[in-house]
Structure formats: C-alpha cells, structure tokens
Amino acid sequence: MPLWTAVDVAADGGTVSVQFGMWNLDGASVDPEYIPRAKGLLAPYAPDSTTVFVKGTFFILHGAFHTTKESEAERQPSISPAGTYLTWTGRLDNRSELLSQLNRSTSSQSADLDLVSALYEVNGARCLSDLIGDWSLSVIHHDERRLLLAVDFLGAKPLYYLRTDRYIAWSNVLEPLVALSPVTLTLSEEYAAGWLYGFPAASLTPYSEIRAVPPGMFVEFTRAATKVEKHWEFRQLDGLSASSPSQYEEGFRHFFNQAVRRRLRSSGPVVSELSGGMDSSSIVCVADRILESEPGLAPRLDTLSYLNDAEPDWNERPFVAAIEALRSKAGLHIDVNDSMTLIPRRDPAYFSAAPSVGLLPSRPEQQVAEYLNSTGTRVILSGLGGDEVTGGVPGGTAELANLFVRLRPMAFLRRSIAWCLPARRPLIHLVGSVVGEFFPRVPFTPGKLKTIVPWLNQDFERRHRADSACSKLRLRLFGLPPSVQENLFTLDDLRRQIAGSSIPSIPPRERRYPFLDRDMLEFLYSVPREEIVEPGRRRSLMRRALTGIVPAQILERKRKAYVSRAPIKSFRSQRREITEWSKSMLCAELGAIDLQGFQKALSEIYRGEDSRVWQLGRTLALESWLRDERVQQRLRFPQRSPSRQEQPGANVSGLAFKRKVPQLGKPE
C-alpha cells in the first residue's frame with residue numbers, strides 16, 4: 001500500500017484576474033469620479049471584461065483574464081444571503097475534495113468563485129486553510145463593517161492594501177493604490193534594504209503606507225483595528241515511513257504528476273519554459289505524458305527556451321534539443337546574446353510602481369509578447385523552486401543537524417565523514433558549520449547584509465542588518481526538525497522572490513509553479529533528508545524517481561548552467577553611462593549607499609576583480625526607479641538624521657523628490 005492517497009487529481013477552474021476595492025470608513029458615499037480612474041489603471045490587466053459593483057460606502061472592481069472555460073461563468077463579486085461580498089482571483093486545485101464538504105447546489109461544473117463563496121459562508125475564515133492553489137480573495141462583511149483580505153500559502157497572487165483614517169483600498173497590482181493616493185507616500189527603508197540585498201520581505205512594498213498580505217495569512221480590518229493571522233502552517237505528513245526507497249520514489253512521482261496536472265488545465269495553449277536543466281525538462285516530460293492520456297486538459301503544450309551560445313557556461317542547446325527530439329517538436333528559441341542590460345530601460349508611457357531588474361531588453365520580451373498574442377497562450381509553466389526544494393545544493397548540513405538535535409553522536413560522526421569525502425572538506429570545518437547553525441552571529445563582526453553589499457552606508461546597514469530579508473536565520477534546537485526549519489527558510493526566500501518579480505507584464509500572462517505545489521512541498525518536507533540528497537549526489541530522490549521519464553543525459557548532468565560572461569560584458573559596454581550615473585545618486589542621497597564604496601566596486605568589476613555583479617545590478621535598478629519622474633511625484637524619502645558618511649551639498653541636482661502629489665481625486 002502506498003503511504004499517500006490521491007486526495008485530488010482534478011486541476012479545474014481558475015482565472016488570473018485583477019481586483020480592486022475601496023471602502024470609506026467615514027460613511028461617505030463613493031465618489032463617482034474615482035471609479036473610472038481605477039478602471040482605466042486596471043484595464044491593461046483585464047482584457048476580457050470589467051465588472052464594477054457599488055454599494056453605498058464601498059465599491060469593488062473586477063477585471064477578468066480567463067484561462068479556463070469554467071472561469072468565464074464567474075460573476076464577481078459573489079453575494080451571499082448573509083450580506084458578504086466575496087471577490088476571487090486565482091486557481092483552485094482541490095475542487096473535488098472541497099465539493100465533498102458541501103451539501104448544496106454547487107457541482108463539479110461550478111466556478112471556483114461559487115465554490116469558495118459557499119465554503120466561506122459555512123466556515124468563515126476557517127475555510128482558507130483548505131484552499132489549495134494560487135489565489136487571493138477579499139470579503140466585505142457589510143453589516144458588520146468588516147473586511148477580510150487573504151492570499152494563498154505561496155503568495156503567488158499578491159494582494160496589496162492601503163489603510164488611512166478615511167478609507168481602505170486594496171488591489172492585486174500596486175499601480176492604482178499609488179496613482180490614486182491623495183497623499184505623498186513614503187519610501188520604505190526596509191524594502192530598499194531588502195531589495196539591495198536580494199528580495200524584500202513579501203509583506204512589504206516600496207511604500208511604507210502600502211502593505212502586502214503576507215503569504216499564508218489573512219488581514220482583517222474593522223473600524224477600530226487591523227489584525228493579521230495565519231491560515232496555513234506546515235504540517236508534517238503522518239505515517240510517512242517507507243520500508244524501501246522505491247516507496248519514496250513512488251510518492252515523488254505521484255505528487256509531481258499531480259502538481260503538473262493541476263497546472264495544465266487551460267482553455268488555450270500552455271507554454272513551458274525549457275532551459276535544458278532538470279527542473280524545466282522534468283515538467284515538460286511529465287506534462288507530455290499527462291496530455292497524452294488526457295488531451296482535454298489543454299489544447300497543446302509548447303516550449304520556450306532562452307539561449308545564448310556566447311556564454312561559455314550556458315551551453316544549453318544540446319539539452320534543449322534532447323527534449324525537443326523526445327517530443328518530436330521544436331519550441332520557440334529566444335536568442336539573448338548581448339541582450340543583458342544593467343540599467344533598466346523604462347517605457348515612458350508606463351508607470352512602474354516598483355523597481356525591476358532589466359535583464360532582458362525590449363527585443364526578446366517583444367518576441368515573447370508577439371508569440372503569446374499570436375498563439376493565444378496565457379499560461380506559462382516555470383521551474384522556479386525545483387532546485388531549492390529537491391536538494392539541488394549538495395550539502396549535508398540539514399541531515400547532520402537532524403542527527404545533532406536527536407543526540408545520535410555515532411550516526412552524526414559516520415554521516416559527517418561520508419559528506420566530507422566527496423567534497424574533500426576537513427571534518428572539523430563541516431562539524432563547526434553544522435553546530436554554528438544553532439548559534440547567533442558573533443558580536444562586532446560584519447553582518448550578512450554588509451558582507452554581500454559592501455558599499456552600503458554604515459548607518460543604513462546597521463539599521464537593517466537584523467531585518468528578516470537581510471540576515472541569516474538560525475536553527476532552533478527544539479520544535480520542527482532542523483531540515484524542516486531550513487526548508488521553511490528556503491520557502492520564505494522563494495516567496496520573496498515571487499513577490500519581487502510579480503510586476504504584471506503586457507500582454508498579461510499567468511505563471512504557474514509545479515515545484516511549489518503545496519501538497520508536493522508538504523510531502524518533500526516530510527521525507528527523510530537522506531532520501532532527498534546523498535553525499536556526492538544532489539537531488540537523489542528526484543533523479544531516481546524520474547529515471548525512464550526524463551532523458552538520462554539531463555538527469556545525470558554534473559553541473560548547472562549559469563551566466564558568467566554577459567553581466568561583465570554588459571557592465572563594460574554600459575561603462576560610460578554607469579560611470580555618469582555613479583557621480584551622483586539618489587541611493588546615496590537616501591543614505592542607503594556610500595557613493596565612494598559603490599564607485600570602488602564598479603572599478604573592480606571593470607578590472608574583472610570582483611563577482612558582485614548581481615548586487616551592483618540591484619543597486620542600479622533601484623536607482624533607475626528612483627529617477628523616474630512619475631515615482632518622484634508620488635514618493636518622498638523618510639525623515640532621518642544626517643549620516644556621518646554624507647557630505648554637505650551632496651543633493652542630486654534636478655533629482656530631488658517632489659513633496660506634493662498632483663490631485664487625482666478624492667477617495668471617498
């Protein structure tokens with residue numbers, strides 16, 4: 001008997017749409033002039049239809065972007081007999097399981113919105129933990145004057161909110177909250193620190209006044225308070241103890257097949273990114289098998305590959321060709337040679353409410369947009385997270401930490417030696433690193449933030465070195481096993497990455513992540529760590545489970561592809577422009593970076609002496625965004641005391657932020 005049961009294999013329903021709402025807390029009626037402004041800002045993300053619902057002091061705007069036939073039947077918001085107004089965005093994956101909980105008129109043909117609304121009417125916020133998929137929702141309890149906003153465990157469908165003394169506004173995209181704000185917003189220093197280091201916390205936005213609903217949580221608003229609560233916590237699967245490795249392999253195939261199948265459901269073609277690596281190749285191979293037996297899930301599956309033959313460490317073409325030969329079908333190839341740019345190019349007609357890294361220039365992105373438009377493709381499968389959740393890092397720290405807290409010294413010593421041999425690492429170093437995971441950072445030593453981004457202003461770094469997105473989290477001796485703690489740390493990193501890359505694209509598209517399926521993660525996090533990765537063999541369980549499904553030349557790749565030449569070349573080709581930028585920078589005026597330190601790092605890059613290309617690119621991306629005149633009209637720097645590193649008269653001429661926002665209309 002397998003150790004798991006097929007809870008649900010139906011990948012039904014779903015829509016990736018946008019929602020916007022505003023509720024006047026002071027009892028004022030909705031200003032009719034406010035609605036068309038919000039509708040116009042959301043129009044690019046809602047190509048199918050737009051619905052506006054107004055009731056006294058609040059209004060809801062829903063813009064549809066359909067990816068399944070079932071979603072076309074949705075009528076937003078859903079209004080219950082109890083006087084709640086529920087708006088839904090996303091895809092519900094465990095429909096058949098949830099249908100069994102309801103004894104009412106909902107059926108297998110019901111839209112996700114109707115099913116979620118029925119569940120919420122019965123169980124309230126308790127139902128949120130049962131909703132598996134990528135989703136966000138808002139619920140107005142009109143009679144109780146209460147608002148609830150919630151997102152799924154991953155945060156794949158973000159939901160932002162702004163609360164003032166007079167009103168609450170919320171939206172899937174930042175632009176309307178920023179553009180329609182009647183006051184100048186304040187730059188969030190914590191967001192800036194997270195951005196410069198890597199990815200900010202998923203609950204932050206660039207604006208201190210605007211927050212994002214944290215993944216796996218809901219935010220409840222009343223006139224008196226704002227409350228944030230969890231609706232999802234990791235649960236270790238009970239009874240997961242296999243008598244042989246083959247049972248874990250069977251479990252991996254089951255959950256991975258289910259994860260891919262859930263994300264294939266589409267009324268139009270689906271395209272899967274194909275890099276030639278293990279993650280994307282596995283998705284394509286498994287998806288082809290599923291569609292062969294169930295062709296009705298999607299009309300077809302195509303592939304999209306970004307290739308650069310000039311990169312010495314990115315020779316992916318043979319591996320892409322192997323998958324294309326297996327499926328007897330060539331995919332779309334996008335040549336990104338010489339296309340990387342470290343200074344993002346901004347569309348003068350488009351306001352970006354958050355910074356973004358301009359790794360791909362206009363031409364490759366235009367090719368993808370043209371392809372999506374011409375083929376009617378709205379769904380893209382991504383391999384994001386595969387490396388992180390299936391043991392892509394060949395280290396034994398997590399397994400050894402488990403043995404350490406379980407007080408098994410002999411097993412700890414044996415496995416430590418086993419891990420040291422293939423890596424040729426001294427035993428004392430490995431043991432020290434494992435034990436060190438449980439202890440705080442040594443005082444008076446540089447924090448991780450300063451180590452990664454050495455050109456940060458000293459005072460700025462000191463203020464933010466303990467931020468969750470900028471510091472290394474330590475393992476606890478008690479509670480969840482250390483390997484699970486480490487997995488949850490990694491999950492938070494992935495949540496931040498998704499939140500940081502959730503800027504909408506034109507044309508709209510829905511990105512789906514099979515490796516970040518909730519059921520699959522809970523399975524992988526419950527499997528013994530020694531099954532996931534072995535000494536000298538990363539991703540052991542995945543390789544074993546997919547033998548015979550994915551070509552051996554891909555499963556047994558000895559190294560990952562990575563970009564090494566293009567960033568350095570891009571810096572050198574843009575040297576004149578970057579050098580001009582670095583003479584005076586808003587990031588320095590903000591007090592985030594030390595200008596001389598940044599200039600020194602650039603000089604090292606030009607000489608080929610440093611490898612902090614990615615962090616330099618993040619700094620330049622933030623600088624580019626701060627220089628956007630439309631951002632300056634809506635943003636101000638936080639008040640602070642002058643830094644010791646600042647020099648008098650260092651204000652950037654012509655780039656000082658405006659302190660007054662053009663009136664865009666009253667929000668009530």
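Counting begins at 1 with the first residue of the sequence. Predicted, not measured: the structure shown is a model, and the values here were computed from it.
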Should the pair Arg518-Asp93 be classified as a salt bridge under the 4.0 Å nitrogen-to-oxygen rule? no

What is the distance from atom OG of Ser181 to atom CD1 of Ile210, rounded to the nearest 0.5 Å? 6.5 Å

Distance-minimising heavy-atom pair for Ile554 and Gly276: CG2-O, 4.0 Å

Test applied, side-chain contact (heavy atoms from CB on, under 4.5 Å); reference residue, Gln19; option that passes from Leu42, Asn172, Ile60, Thr51: Asn172

Taking all non-hydrogen atoms of both residues into account, name the closest pair between Pro44 and Pro508 and its distance. O-CG, 3.4 Å

Closest heavy-atom pair, Phe20 versus Leu180, reported as atoms and distance to 0.1 Å, is CZ-CD1, 4.3 Å

Taking the six-membered ring of Trp195 as reference, does the cationic atom of Arg618 (NZ for Lys, CZ for Arg) lie under 6.0 Å from its centre and within 45° of its axis? yes

Of all residues at least two apart in sequence or in a different chain, which pass the ring-ring contact (aromatic ring centres under 6.0 Å, His included) check with Tyr207? none

Is the positively charged end of Arg627 above the ring of Trp581, judged by distance under 6.0 angstrom from the centroid and angle within 45° of the axis? yes

With rounding to the nearest 0.5 Å, note down the distance linking OG in Ser382 to CG in Asp279. 9.0 Å

Given the rule in the salt bridge (Lys or Arg N to Asp or Glu O under 4.0 Å) test, do Glu324 and Lys329 qualify, once you have shown the distances and angles that lead to the verdict? CA-CA 5 Å; Glu324 291 179 340; Lys329 185 179 181 182; over 6 Å; no

Distance-only donor-acceptor check, side chains Glu388 and Thr490, under 3.5 Å: no

Are the side chains of Tyr513 and Leu494 in contact, using a 4.5 Å heavy-atom criterion? no

Taking the basic N atoms (NZ, or NE/NH1/NH2) and the acidic carboxylate oxygens, is any pair closer than 4.0 Å for Arg511 and Glu273? yes

Side chain proximity check, Arg509 to Val368, heavy atoms < 4.5 angstrom: yes

Consider only side-chain N and O atoms of Thr390 and Arg539, and report whether a donor and an acceptor are under 3.5 Å apart. yes

Quick check: Phe523 with Phe252 (ring centres under 6.0 Å apart)? no

Step through it carefully: locate the ring centre of Phe153, locate the ring centre of Trp232, and say whether they are under 6.0 Å apart. yes

Do Thr303 and Ser272 pair up side chain to side chain, a donor and an acceptor below 3.5 Å, judged on atom types alone? no

If the condition is salt bridge (charged side-chain N to carboxylate O under 4.0 Å, His left out), which residues does Asp517 pass it with, not counting sequence neighbours? Arg262, Arg263

Should Glu510 and Arg512 count as an ion pair when the cut-off is N to O under 4.0 Å? yes

